[in-house]
*Asks:* 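First the structure, then my questions, so here it is.
Just so it is clear: chains get the letters A, B, ... in the order the sequence lines come, proteins before strands, and each one is counted from 1. Remember, it's a predicted structure, so these values are computed and weren't measured experimentally.
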Amino acid sequence: MLAMIRRKMKFQREADPVWADQISQQPGIDRIWSCVQCGTCSGTCPLSIYMDFTPRRVVALVREGFRGDALGCQTIWLCASCYSCTAHCPQNVHITDLMYRLKREAIQYRMFPKRFPIPVLAREFFRLVQRHGRNSEVWLVVRMALKSNPFALLSMAKYGFGLLRTGRLSLRQDRIQRTKELQRELSAPQEEPQ
Amino acid sequence: MSEFEPKIVAFFCNWCTYLAADLAGTSRMKYAPNTRVIRVMCSGRVDPQFILEAFARGADGVLIGGCHPNDCHYQEGNYKALRRFYALKEIVRQMGIEDERLRLEWISAAEGERVKIVVNDMVGKIRALGPLRPKPQQEVTA
Amino acid sequence: MSTAQKPARRDGYVYFPGCALSANGIAYDESLRTLYRLLGLGLRELEDWNCCGATAYMSIDEGSAFLLSARNLSIAHRMGAEEVLAPCSACYLVLRKTQDYVAHHPSVRRKVTESLERAGLGPLNTVRVRHPLEVLYNDVGVARIQSLTTRKWRGGRIACYYGCQVVRPYDEVDKPYNPMRMDELMQAVGAPTTDYSLKTKCCGGSLTGTTAEVGLRLNYILLKEAARKGAQAIVTICPLCQFNLDVYQKEIARQSGERFDMPVLFFTQVLGWALGGEPRELGLHRSLAGQSLIQRWFAAKEEVEAYV
Amino acid sequence: MSEAGGPVRIGVYVCHCGTNIAAVVGCGEVADYARSLAQVAVSREYKYLCSEPGQELIRQDIRDHGLNRIVVASCSPHLHEHTFRAAVEKSGLNPFFMHMVNIREHNSWVHEDRAKATAKANDMVRAAVRRVALQQSLSRGRVEINPGVLVVGGGIAGIHAAMTLANAGKKVHLVERQPSIGGHMAMFDKTFPTLDCAACILTPKMSSVKAHPNITLWSNAEVTGVAGYVGNFDVKVTRWPRYIDEDLCTGCLQCVEACVYKEARFPDGFNMGLSKRKPIYLPFPQAVPQVPVIDPETCIQFKTGKCKKTCVAACADRQAIDFQQKEKIEQIRVGAIVIATGFQPFDASRVPYYGYGVYPNVYTSLEVERLVNASGPTGGDVVLRDGRRPKSVGVIHCVGSRDVDSNRWCSRVCCMYSLKLAHLLKEHTDAEIFNFYIDMRTPGKGFEEFYQKLLNEGVHFIRGRVAEVTDWALDPTEEDKLVLRVEDTLLGTVRRIPVDMVVLSVGLEPHADAGEVRRLFNISCASEGFFLERHPKLAPVNTFTDGIFLAGCCQGPKDIPDTVAQAGAAAAEALALIDAGAVETEPNTAHVIEESCSGCRTCVPMCPYNAIVFDAAAGRARIEQVLCKGCGTCVAACPSAAIGQHLFEDAEIFEEIEGVLANV
């Protein structure tokens, strides 16, 4: 019983106001300082009902500099980038861009929740495109599930079959011709972590 | 050697642009400290000689600020200013002074932000041009 | 509505299919090409195009995400195109966003320019990114599509589903709230549409695969509300939306215990058929859900009757 | 008044303004620098020059050091030029020997680099020192004030201002655009927080306006021209035809009764289209004047010319109906103008995700005001457009307020009127009421108490801005309802709340034509489009145009008590002006330097006020000092440099130019 009781108080020493300032340097994200915490973003978000922190609370976390919570939450990985929050926000906060920004930092510092498949998928996708120049997110999902998760395989296999039969799924890796050109373009000297 | 700091003489009309600059102040907006504002009642009061005098005495740029079209406190002084400005612009151009150095802007009393934007923009452009130096006299080809 | 057709692009539209349209969304590709042929418009495929990076790339490295799009835009420019046609919502948005950021943020512009030079690629210049919905609506026009219609619609009522990234955050394809252009096009070929309140709600994208319980629930709501409003089919403009609603429909029905038999079509399939295209060249056989209805609605040997 | 003969002795005073200036500009350095300039006899810095000791410091120096020119480097001349002129004048020096340098609004408040800001202040002070040496002794003109006042707008603000002025014995012209005075307040049911009936407060005042011997009321009329200046405004008023002669009409309304339309058919504007009216109608029962109006858009006589004209028959020998009536132009001269043109409610259809105009059971707050009103379209019975009685209502605050996509500002009254409507709806229907707010703003007298009352009445208060009003249903409890999707930010979770009725608490915004009105009266707008006061604290009802005052929501959103208070203040300012009998004018007029004038007449068409006349006999131009407003356009245009402008002489401006650039 006692194990379920958790301290929720936040101490000011846990806050990192410098980090908040850094994050808000990015174009569009600077508007977080105008947020009035009205919750329109959460209300319009189709996925907020599954999130551990609603998007509004993520903005509050970032503003107050609670980096650990903001980077470790599930919210940023449940964001499907539908831009509904950004379009609705009465203060023009670019919330979708903020989510992307947090995802990047969470991946960089490996702070995403354990056993959460989305960041893994994103990285896999990133690598494949880097190498071959082509890939499809959906296709990768199906393929990964087919290959990696034996439990999911049972339910996924039937989609796979349907897709194969209708000519919509090929297990052959598509690639561009001039992969070298693409790699040269992407080979920018790494800048400071974004 | 410190960075070149352009000096800009600004003629602001009393009713719109001067008040806009006041508003920029009360709103604590920050902009480049390169303008020297001379208050006139109306942009229509700005005599072309004032502008030439400013360039002659070492100004790197001249900015005239008046009320928007139809908003002149004196009905149409700003139109007079505009007509004069076109003529003057041509003269200044023939003297070899770059276009960016002479500017006319309509800025209403509500547009403090615009003062900031215009001043910063003008300072940036003139800084890029460098100090106003008399060009070797070019043959004017009409 | 003006019936005047703008002159077609000199060499037709430069077309960026993207990964989805070459795989699971191939029916979109087939129907788009067919429709363009029927309209007498040219389509040139973007030469050696690469993946747009979609949402995943933005989550890893924003800079590289812009570079992927920059290569495509640069190639389009080299092909002499002023405009590039991107039917996939993810591709459309990423290309459009790249342009926006290159135009407005000097740091992005600098990085993109340098990287293109390093790869021996040309400049971006101002290639305009366009979506077929908006091209059909603006360049071709509702009236012209109506006048070219040769088949009478025999299917049921349609819910037009626009999804998210085509109408947000940029509003050039259609309005972000209650868009109507697809509805107007469907009505022009005689297909009745429902008043569908969820037309710009998100399908969850790849969440159907990664967090199935969440993704499937979103799609369940989309299907259920369409049915509640009397729709017998959903028509989309996005390969991902089509994929989710079509491929997972059976699973959604199983989990919810409700029956769905809802064809999920691309708007280009409906328009292409109305203008005389054959079902196979429109990829109508590739849908999983509601296949029996599809076969009934889109009979191959429909006699050509003047309709208008 | 000293003519300041003898050598020029300049005193320079640099103000710290507490730390407002001193924090950025090195005031001591500026004062030291000024001391080094030619002709400067005294140079000092001081903490607050505008204070009495500060002013006394200047006066003392004038006496002790024989100063005859003063430069004050402090704030904007728009704020304190009159203060320092008065201080100088008190010491016997001509006030126009003083010149101000703005080192606060134009310097310390907008710059951060101390060295650069100080250098700029030095440049400006140097220019002022050089210019002030040339300044001349001038005297102000005197303009007689016409005792009449024009009040524009007949809402509660205009009504109160007109009554105050009229009670003080002034002749007032009240011009109202609508056929009746009363404004928005006449549409309200109750007023917050006291819940007294709006009509009970307002209608007696409306009748008093009509009855007052000092007030001329022109309704259905607009100001279409304003010329002149403080004390002497020439105003053109266009009285639009109402097709009924106000003098002949007795207000019996038999014409309305007799109209060939037996049933009212056309949307009634006063009831927000929730009821119908006939083509001939009285705007509302308590309308002032009690004279009907004919709408030519719907009247058969106007549309076809073939009506039986039963209204004319009913009017009989009173013969008040006149289909030929044309607009009438009235020309009046007044000394002061009070502008009280009010606001327009935000158009709720501009927020597409709230479904106004799409779902019939979505209402605006103003519609609900009429719906709960006993003399409203349903007699106070709250029945929805679909005939149902609501069992649950959602009231959404901040619609068209605090939103960068519509209006950024807080409209100030919506929280309180939303509470009021929640109370009234509860009282009328016993429905379950949900109020959705971002921040609850109840800062007025008795407001917080009212909020407490509502909390205890069982109204739900959900802190969160509703994301959408929609009709899609997830389960049977949501069928045929409007579903509000919102994050309850206090719970930190998203909720779906099905209701029968949605009330959108729309914000206040400037009239669509506020820009044209502003130009007409030559006043300014703030960035939001509301009219700009001269100073928010020092001159809150004045404008930058002397003799024109502001009252009510045309200056910014405000509630009824504040509106009435402001209207009283505007009336008092107008009274103070008028009772002074005359006003002094700035001496910054243009004048012809006769010996230089070549008689070319270039200047004559330059003047928008026809102040320049050509004296054919003398072969020279002449400027009528009373007519000249001092813009200086003719000065800049004169090819012979034969026109000067007091306070802005060419020589003075050249000195300023050379002064600011002297160290380049």
*Asks:* With a 4.5 angstrom heavy-atom cut-off, could you sort out which part of D:Tyr353 is near chain A: side chain, backbone, both or neither?
*Replies:* side chain
*Asks:* With a 4.5 angstrom heavy-atom cut-off, which part of A:Ala87 approaches chain D: side chain, backbone, both or neither?
*Replies:*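 A:Ala87 touches chain D through backbone heavy atoms alone.
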*Asks:* Rounded to the nearest 0.5 Å, what's the gap from CZ on D:Arg496 to CD1 on A:Ile49? Could you check?
*Replies:* 9.0 Å
*Asks:* Does anything in residues 459-475 of chain D get under 4.5 Å of chain A by heavy atoms, and if so which residues?
*Replies:*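 Under the 4.5 Å heavy-atom cut-off, D:Arg463, D:Gly464, D:Arg465, D:Ala467 qualify.
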*Asks:* NZ of D:Lys391: more than 12 outside heavy atoms within 6.0 angstrom?
*Replies:*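 Incorrect, the count does not exceed 12.
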*Asks:* Please check: side-chain N/O of A:Gln37 versus main-chain N/O of D:Ile438, any donor-acceptor pairing under 3.5 Å?
*Replies:*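 Checked: no pair found.
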*Asks:* Name the member of A:Arg57, A:Met51, A:Gln91 that forms the most heavy-atom pairs with chain D at distances under 4.5 Å.
*Replies:*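 Ranked by heavy-atom pairs under 4.5 Å with chain D, first place is A:Gln91.
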*Asks:* So, D:Arg485 side chain and A:Thr44 main chain: donor-acceptor pair closer than 3.5 Å or not?
*Replies:* no
*Asks:* What part of A:Cys41 lies closer than 4.5 angstrom to a heavy atom of chain D: side chain, backbone, both or neither?
*Replies:* neither
*Asks:* Quick one: of D:Val494, D:Asp403, D:Val351, who has the most non-hydrogen atom pairs under 4.5 Å with chain A?
*Replies:*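 Highest number of pairs under 4.5 Å: D:Asp403.
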